[in-house]
Number of protein chains: 2
Amino acid sequence: MPTERDDAVDVARPVADADATVVDGRQPPSARVPLDRNRIVDAAVGYIDEFGLPGLSMRRLGGVLGVEAMSLYRYVSGREALLDAVVDSIMDQMHRDEDVLARPQDGWQDYLQRLAHGVRRVALAHPKAFPLVASRPPEAPWLRPPLRSLAWVEAFLDGLRSEGFNDTATVSAYRAFTSFLLGHLLLEVTAHGGDVGPLDVLEDSQNSQDLGKTLTPYPVVSRLGKALAEDHSAVEFEESLEDLLNRIALMRAES
Amino acid sequence: MPTERDDAVDVARPVADADATVVDGRQPPSARVPLDRNRIVDAAVGYIDEFGLPGLSMRRLGGVLGVEAMSLYRYVSGREALLDAVVDSIMDQMHRDEDVLARPQDGWQDYLQRLAHGVRRVALAHPKAFPLVASRPPEAPWLRPPLRSLAWVEAFLDGLRSEGFNDTATVSAYRAFTSFLLGHLLLEVTAHGGDVGPLDVLEDSQNSQDLGKTLTPYPVVSRLGKALAEDHSAVEFEESLEDLLNRIALMRAES
DNA sequence: CCGTAAGGGTTACACCGTAAGTCACATGCG
DNA sequence: CGCATGTGACTTACGGTGTAACCCTTACGG
């Protein structure tokens, strides 16, 4: 019994409702254009890139896809799983972008350089999404269900093993490399407006803009503020990466 | 038209309704024990430490404090502000724990060691909360409203300035130090059961535990899994920190 | 004794994730 | 051809969330 609610629904109803009983007979065979998991995940990534993670809801994502929220549940088991898939998708983007994950060919140093820059490029391409990636790392796959973005981990470990790293050196290098990327890119990305705050997207515009010289009890901070805000992090990334590679070289030698 | 919904509200109504008018006359002066912002924030920190960030809701937090959710809004302007306050509180805990933030006395190297270990101790003390801290760094205080955990930043910058670092070296050191801590501690903490990021799942216990030898298409990962899961990260922290200090020494010299 | 304001409770609303049921159509089989 | 079956999307419904707006009780200063 349809109960005819006061129908305040003002969203655009796509199609196929009011006249379902009429002849219609107009649709070519597959008018349904079934959505698939990839379309959903891609839409989610796009939404996060544009509006940020907090605004992403199942209903809203459904709206983007011209579909009711519940339809998504046929392809993703829930919001959490969707976010996992988003993380995976972003990480696998490296694989598509170019051969970042290919076995080392010019020695492990260049290999790690490629890897690092690949990840950095991905992070900067999705500043709003990267904190999400960072906050759910490969999910300790060696315990529990597994399945996060293991292709990356596998490529790293395998690549180093094939370059003369023994097991312990490989593991140490993995940890050093990972934490380096995590720290650097998180910092870089949040400086670039990658926020995690829930729904401030709309506008926070000007309030209390008369902070001309409001009392800041932190003199050094306020003096160095401009310098801190500046963005030569690309250079710093390069330098830190070089140091990291030196350290990894020591690990390899010590093995 | 209000339509008089079927009013099925069956929640337990607590107290203080039927007999409010009676004499009572028993309460000593301040029976209300007014809650204040600190009590709220502390309760929030405690809740996150115990149950994780995702489960924290205003109503639940109110319940912990024996208060209705809406009463919290008199002290914190909303959930987001509350989380900001939690981050601040955790960061300021360093200040209380001991004199981590005191000006350098044994040279800047020992100062930075103290700082690093102070932060690490805080991170390990609140593994469930640290990802939250990491995901909202000092909020680029030099732009916009400011006010995150600037005491820490100020201490760092001031400490280094007083130890012969010029401005650019100080800023570079700050960035290197911060990203180092971010990366290392995030990794360490999430390995220790730190919860996932911003606003996520409540609880998903064991499902599909029969992963006896499910097909893992990642041979190296599964072989090195045990080693990756092991936890000698304290040692690694120490070693990486030492290398970092060397790098910072170079920055100081180059200035 | 009466403002008056603060501390807290109560109601209401829009939105969220999602379990469960339904309906339209495509495709198989007899 | 008719009918069973399955699939993909829509609909309804429920409990939970953050929070705006209002109400009530108490404390206290005049």
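These numbers come from the heavy atoms of this one structure, side chains and all, not from hydrogens, waters or symmetry mates. Protein chains get the first letters and strands the later ones, always in sequence-line order, with residue 1 at the start of each. Only a predicted model underlies this, so the values are computations on that prediction, with no experimental measurement involved.
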*How long is the line joining CG of A/Leu82 and P of C/dG17, in whole Å?*
10 Å
*Verify, without hydrogens or angle tests, whether B/Arg59 (side chain) and B/Ala69 (backbone) share a donor-acceptor contact under 3.5 angstrom.*
no
*Taking CG from A/Leu83 and C1' from C/dG17, how many angstroms apart are they, rounded to a whole number?*
12 Å
*What integer distance in Å separates A/Leu61:CG from C/dC15:C1'?*
16 Å
*Where does the angle between the aromatic ring planes of B/Phe180 and B/Phe177 fall among parallel (under 30°), tilted (30 to 60°) and perpendicular (over 60°)?*
tilted
Under 3.5 Å, which N/O atoms of the protein pair with N/O atoms of nucleotides 18-22 of chain D?
from   : atom 1 : to      : atom 2 : distance (Å)
D/dG18 : OP1    : B/Met58 : N      : 3.3
D/dG18 : OP2    : B/Met58 : N      : 2.9
D/dG18 : N7     : B/Arg59 : NH2    : 2.9
D/dG18 : O6     : B/Arg59 : NH2    : 2.9
D/dT19 : OP2    : B/Tyr73 : OH     : 2.5
D/dT19 : OP2    : B/Arg79 : N      : 2.9
D/dT19 : O5'    : B/Tyr73 : OH     : 3.2
D/dT19 : O4     : B/Arg59 : NH1    : 3.2

*Rounded distance (Å) that lies between atom C1' of C/dT10 and atom CG of B/Leu72*: 15 Å
*For B/Trp152 and B/Val119, run side-chain contact (heavy atoms from CB on, under 4.5 Å): C-alpha distance rounded to whole Å, both residues' side-chain angles, the deciding distance at 0.1 Å, then the answer.*
CA-CA 10 Å; B/Trp152 191 90; B/Val119 177; 3.4 Å; yes
*Base-pairing assignment for D/dG30 (Watson-Crick or G-U wobble, both under 3.5 Å)*: C/dC1
*Examine distances only and state if a side-chain atom of A/Arg60 and a backbone atom of A/Gly55 form a donor-acceptor pair shorter than 3.5 Å.*
yes
*D/dC10 phosphate, OP1 or OP2: any side-chain N/O from A/Ser71 under 4.0 angstrom?*
yes
*CZ of B/Arg39 versus P of C/dG7: gap in Å, rounded?*
13 Å
*Has the side chain of B/Glu154 got a donor or acceptor atom that lies under 3.5 Å from a matching backbone atom of A/Val220?*
yes
_Assess whether a salt bridge exists between B/Glu188 and B/Arg120, defined as any Lys/Arg side-chain N lying under 4.0 Å from an Asp/Glu carboxylate O._
yes
*What is the distance from CD of B/Glu68 to P of C/dT11, rounded to the nearest Å?*
10 Å
